[in-house]
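All remarks here apply to the structure that follows.
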Number of protein chains: 2
Amino acid sequence: MQSQNISDIIEKYLKSILADAEHVEIRRSEIADLFNVVPSQINYVIKTRFTIQNGYLVESKRGGGGYIRIEKVNLLDDADVLDTLIQVIGDSITQRDAYAVVQSLYEDDVLNRREAQLILVATDRNTLGVDDHDLENSLRARIIIGILNHLRYES
Amino acid sequence: MQSQNISDIIEKYLKSILADAEHVEIRRSEIADLFNVVPSQINYVIKTRFTIQNGYLVESKRGGGGYIRIEKVNLLDDADVLDTLIQVIGDSITQRDAYAVVQSLYEDDVLNRREAQLILVATDRNTLGVDDHDLENSLRARIIIGILNHLRYES
DNA sequence: TTATCTTTGACTAATATTGACTTTCATTAT
DNA sequence: ATAATGAAAGTCAATATTAGTCAAAGATAA
């Protein structure tokens, strides 16, 4: 029933490969052909679903023998990951990116499911309910950063 | 069995599906077509009949392959206690009163220490960082109410 | 009558898809 | 070496495809 759009399907395909392997290396046009989409759609999928907030590193090369390589990274190997995340968030973050950040923290066992849900609810667009978009995104950033700082202090 | 307006019929239709399934996932325009109403009527039905107070969670996505998903959730025993708190909070709450609310939830074992801390951080004056006091208090109210509503059911 | 609930549709917002154009890189030709 | 060529990937804006909001108009109930 779900995943009726091709971007989701391509996302799942790539993630299914990453479930068994350290990284995935593709030729953009091949994947585009495989799913019958235009090549730039692969960029769209990567840009919206394989961000650093999601815990993925992407590198690529153009020209003959070019490729796109996606790697799943463990954000929390480093002691100062929280700092890194705080930097990435900056003073503004969209709901989508916030979801990715919280999801990553959950996957890396920094937060349990309940805590992750609480944070998502607290920073949800509808919860905050402000019409000014910039304000909404900056509030969300402050809340998440506040919590990250608290987690660091705690541990 | 009185007044069978279309909203009631759509409500029954969706609930009949939910009687056999964990959730329903619809395409708004399809349901609208099926019952010969404008699409926004589906929003009206959902907003008036599938609220969290009634034990329904709604999530949706726009764009290609978009959907509306309605899930029936299990309301917990604490639900009415939380309802009362929600009523009391209304649309504005000071940091001091918020502290009292969270404290009592902690004492009643609705929240553990860590969760309570998270909520206090998220609603702290300095975290929110808005000059306008009324805005600050109403944001705090929305965040806490959002969380209380979330605590009313189990995922 | 008056208040509340329902229906409608114009407008808005979010997300996805597409394609024209650009940039980068390796290889081949001069 | 250097230039020309072709084979990749990248960018961006236009368009398409959904769902959301809101307020006015209409219907129903108190």
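Not measured: the values here are computed from a predicted model. What you see below is based on every heavy atom in this structure, not just the backbone, and it leaves out hydrogens, waters and symmetry mates.
Distances shorter than 4.0 Å separate some side-chain N or O of A/Arg49 from OP1 or OP2 on C/dA16. Phosphate contact (OP1/OP2 of C/dT6, side-chain N/O of B/Gln41, threshold under 4.0 Å): absent. The phosphate of D/dA7 has neither OP1 nor OP2 within less than 4.0 Å of any side-chain N or O from A/Ser29. The phosphate of C/dA14 has OP1 or OP2 within less than 4.0 Å of a side-chain N or O from A/His133.
Side-chain N or O atoms of A/Arg142 include one that pairs as donor or acceptor with a backbone N or O of B/Leu128 at under 3.5 Å. A distance-only check finds no donor-acceptor pair linking the side chain of B/Asp78 to the backbone of B/Val81 [under 3.5 Å].
For B/Arg28 and D/dA19, a side-chain-to-base donor-acceptor distance below 3.5 Å is present, hydrogens and geometry of angles not being considered. Taking 3.5 Å as the limit, the base of C/dG9 and the side chain of B/Ser40 contain a donor-acceptor pair of atoms between them.
For A/Ser60, the listed nucleotide lying nearest its side chain is D/dA9; candidates were C/dA16, C/dT18, D/dA9. Minimum atom distance to the side chain of A/Ser7 is reached by C/dA16, of the listed D/dT18, C/dT6, C/dA16. Side chain of B/Tyr44, nearest nucleotide from C/dT17, C/dT7, D/dG10: C/dT7.
Between A/Arg49 and A/Asp8, at least one side-chain N (NZ, or NE/NH1/NH2) sits under 4.0 Å from a carboxylate O, which counts as a salt bridge. Taking the charged nitrogens against the carboxylate oxygens, A/Asp124 and A/Arg140 have no contact shorter than 4.0 Å, which rules out a salt bridge.
One can place CZ of A/Phe35 at 18 Å from C1' of C/dT18, the figure rounded to the nearest angstrom. Atom pair B/Asn5:CG and D/dA27:C1' shows a separation of 10 Å (rounding to whole Å applied). Going from atom CG of B/Asn36 over to atom C1' of C/dT6 covers 16 Å, rounded to whole Å. When the C1' atom of D/dA8 is taken as reference, atom CZ of A/Arg69 falls 18 Å away, rounded to whole Å. When the P atom of D/dG6 is taken as reference, atom CZ of A/Arg27 falls 18 Å away, rounded to whole Å. Residue B/Glu30 contributes atom CD, which lies 14 Å from atom P of D/dT17 at whole-angstrom precision. Rounded to an integer number of Å, the gap from CD1 of B/Ile26 to P of D/dA19 is 8 Å. Between the OH atom of A/Tyr67 and the P atom of C/dC25 there is a distance of 10 Å, given to the nearest Å.
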Check nucleotides 26-30 of chain C against the protein and report each pair of N or O atoms closer than 3.5 Å, with its distance, or say if there are none.
unit_1, atom_1, unit_2, atom_2, d
C/dA26, OP1, A/Lys61, NZ, 3.3

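Two residues are said to be in side-chain contact when any heavy atoms from C-beta on lie closer than 4.5 Å; B/Ile42 and B/Ile26 meet this criterion.
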Inset, instruction - Could you walk me through whether A/Lys72 and A/Glu107 pass salt bridge (Lys or Arg N to Asp or Glu O under 4.0 Å), step by step? - result: CA-CA 12 Å; A/Lys72 175 81 174 151; A/Glu107 283 171 2; 3.3 Å; yes

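Along DNA chain D, the nucleotide nearest A/Ile68 and the nucleotide nearest B/Ile68 are compared for position; the residue whose nucleotide lies closer to the 5' end is A/Ile68. For A/Lys47 and B/Asn43, each mapped to the nucleotide of DNA chain D holding its nearest heavy atom, the one lying further toward the 5' end belongs to A/Lys47.
Counting non-hydrogen atoms under 4.0 angstrom, B/Ile6 reaches the backbone sugars and phosphates but no base.
With A/Tyr67 as the aromatic partner, A/Lys61 does not meet the cation-pi criteria of under 6.0 angstrom to the ring centre and within 45 degrees of the ring axis. A cation-pi contact links B/Lys15 to B/Phe50, judged by a cut-off of 6.0 Å to the six-membered ring centre and 45° from its axis.
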